[in-house]
Amino acid sequence: MSQQVHSLLPATPIPEGIHQLLTGQYSEMPIVNKSGEYCGMFSEKCCVKILSNLADLIDVKQHTSFRAADVMIPRHKLFMLNPEHDVISAISALLEKKYTGAPVVDSQGRCLGVFSERTCLGYVIEAIYSRVPSAQVQEFTDSDSNRLIDLETCLHKILSIFDETFYGRLPVIQNDEIAGQVSRRDVLKHSTILSNIMQSRLNAPHIDVGIPEVRTADYSKAHDTFLNHPVSVFTEENSYTIGPEMSLLSVAQLFFDSPHRRFPVVEAGKLIGLIDRCDVLRAAIKLFK
């Protein structure tokens, strides 16, 4: 558990909340009031919902040619795993590189799915219950084909997938082979909509909003809507809290059953720390060794 917690106040403006989330490279940040009471969680998924709302507000489907190829991390820069890779070795590699997951690719370049922190926890739970000494990555790969997109997949579709699922990354496929990957953070960091509104550039004359067909009035409406709300409006409604005495196995199971990467540790209503999936995986690796 980490006791050095970076949190947001309920009244923190949305632009400031997103800025802190992205610059701090946090997947989630707790919202805590001035009395130290835990109020909820502001996450990348919240930011995706905000971006999706803004995109609908300015009818982005009609105004932008943004596609997966414009924002993806190309294949040659990806960390990938092969299906025969040892699970414990793969988990150690993800922890060392500070990645939350990686595509699993066979010798022909075909993407078989994603090996993520969540699937790692599936192995941890099974290993603790069944005392399985080790396994291959392919046994704990999420092979859901609904998370696969292509080079031409548009922003609206990408946002819909991220908003409606727990996925944090989408493999990009070309000619049945992996061409790259798009993560939630990639979309948020490269969003022209967010960057222009967050920088308040709409007040400047003759601005370039990056989408020539969008009327300034539409952007102004989005800008005003965006700035006039605090992060508490988009707080995760079903965020879990745990107590300091919860066992490692119970925490692992809770992470596996939920989309969250971090849980606030709360005692008497006050936030005393955070635990994330990596904490559980590091403890499990030590246990197995």
Worksheet item: About how many Å separate OG of Ser258 and CZ of Arg277, when rounded to the nearest 0.5 Å?
Response: 6.5 Å
Fill in: For Val182 against Val172, the heavy-atom pair lying closest together
CG2-CG2, 3.8 Å
Discussion item. Count I, L, V, M, F, W, Y as connected when their side-chain heavy atoms are under 4.5 Å apart, and connections chain through other members. Are Ile161 and Leu51 then in the same cluster?
Written reply: yes
Worksheet, complete the sentence: For Ala102 and Leu94, the nearest pair of non-hydrogen atoms, with its separation, is CB-CD2, 4.1 Å
Worksheet item: If you round to the nearest 0.5 Å, how far is OG of Ser116 from OH of Tyr167?
Response: 9.5 Å
Worksheet item: Closest approach of Val104 and Val114, non-hydrogen atoms and distance?
Response: CG2-C, 4.3 Å
Fill in: From CG (Leu188) to CG (Leu21), nearest 0.5 Å
8.0 Å
Item to complete: Verify the neighbour count for atom CD of Gln108: are there more than 12 heavy atoms of other residues, nucleotides or ligands below 6.0 Å?
Response: yes
Practice prompt. Apply side chain to side chain contact (heavy atoms under 4.5 Å, CB included) to Cys47 and Phe42, showing your working.
Written response: CA-CA 8 Å; Cys47 296; Phe42 187 68; 3.9 Å; yes
Discussion item. Regarding Arg169 and Thr100, do their side chains bring together a donor and an acceptor under 3.5 Å, going by distance alone?
Written reply: yes
Discussion item. Hydrophobic clustering (ILVMFWY, side-chain heavy atoms < 4.5 Å, transitive) - are Phe140 and Val105 grouped together?
Written reply: no
Discussion item. Please report the interatomic distance CG(Leu170) to CD1(Ile149), rounded to the nearest 0.5 Å.
Written reply: 5.0 Å
Fill in: Main-chain N/O of Ala179 paired to Gln174 side chain as donor or acceptor, under 3.5 Å
no
Worksheet item: Which value, rounded to the nearest 0.5 Å, describes the distance between Thr165 atom OG1 and Asn146 atom CG?
Response: 9.5 Å
Fill in: Short side-chain to backbone donor-acceptor contact, Arg118 and Phe256, under 3.5 Å
yes
Worksheet item: Taking atom types as modelled, is there a side-chain donor on Asp163 or Ser160 under 3.5 Å from an acceptor on the other?
Response: no
Worksheet item: Does the side chain to side chain contact (heavy atoms under 4.5 Å, CB included) test come out yes or no for Tyr123 and Ile91, once each step is laid out?
Response: CA-CA 10 Å; Tyr123 166 74; Ile91 293 174; 4.1 Å; yes
Item to complete: Determine which pairs satisfy ring-ring contact (aromatic ring centres under 6.0 Å, His included) with at least one residue from residues 81-116, sequence neighbours left out, and list them in order.
Response: Phe79-Tyr99
Discussion item. Once rounded to the nearest 0.5 Å, what's the spacing between atom CZ of Arg184 and atom OG of Ser27?
Written reply: 7.5 Å
Item to complete: Determine whether Leu159 and His156 make a side-chain contact, defined as any pair of heavy atoms from C-beta on separated by less than 4.5 Å.
Response: no
Worksheet item: Stepwise, does the side chain to side chain contact (heavy atoms under 4.5 Å, CB included) test hold for Gln138 with Leu112?
Response: CA-CA 8 Å; Gln138 60 189 344; Leu112 305 180; 5.7 Å; no
Worksheet item: Going by heavy atoms in the side chains, are Ser107 and Asn82 under 4.5 Å from each other?
Response: no
Worksheet item: Under the 3.5 angstrom rule, does the side chain of Ser52 hit a backbone N or O of Lys49 as a donor-acceptor pair?
Response: no
Item to complete: Taking all non-hydrogen atoms of both residues into account, name the closest pair between Leu148 and Cys111 and its distance.
Response: CD2-SG, 4.4 Å
Discussion item. I'd like to know if the side chain of Asn33 reaches the main chain of Ser35, judged simply by a donor and an acceptor atom lying under 3.5 Å from each other, with no hydrogens or angles considered.
Written reply: yes
Worksheet item: Applying the 4.5 Å side-chain criterion to the ILVMFWY set and letting contacts propagate, would Leu22 and Met72 be lumped into a single cluster?
Response: yes
Practice prompt. Kindly give the heavy-atom pair with the smallest separation between Gln136 and Pro83, and that separation in Å.
Written response: CB-O, 3.6 Å
Practice prompt. Return yes if some donor-acceptor pair links the side-chain N/O of Asp86 with the main-chain N/O of Ser89 below 3.5 Å, else return no.
Written response: yes
Practice prompt. Using the rule that two of Ile, Leu, Val, Met, Phe, Trp, Tyr join whenever any of their side-chain heavy atoms come within less than 4.5 Å, decide whether Ile173 and Val71 are in one cluster.
Written response: no
Fill in: Electrostatic pair Arg185:Glu44 at N-O distance under 4.0 angstrom
yes
Worksheet item: Just one of Leu248, Ile285, Leu249, Leu254 clears the side-chain contact (heavy atoms from CB on, under 4.5 Å) bar with Val280, so which one?
Response: Leu248
Fill in: Pro10 versus Cys39, closest heavy-atom pair with distance
CG-SG, 4.1 Å
Item to complete: Identify whether Phe263 and Ile125 are in the same connected component of the hydrophobic contact network (ILVMFWY, side-chain heavy atoms under 4.5 Å).
Response: yes
Discussion item. Is the shortest side-chain heavy-atom distance between Arg147 and Asp142 below 4.5 Å?
Written reply: yes
Item to complete: Compare all side-chain heavy atoms of Met41 with those of His260 and state whether any distance is below 4.5 angstrom.
Response: no
Practice prompt. Decide yes or no on side chain to side chain contact (heavy atoms under 4.5 Å, CB included) for Glu177 and Arg75, but give the supporting numbers first.
Written response: CA-CA 10 Å; Glu177 295 185 8; Arg75 175 176 176 168; 3.6 Å; yes
Worksheet entry | Pairing residues for Tyr26 by the ring-ring contact (aromatic ring centres under 6.0 Å, His included) criterion, not counting sequence neighbours | His6
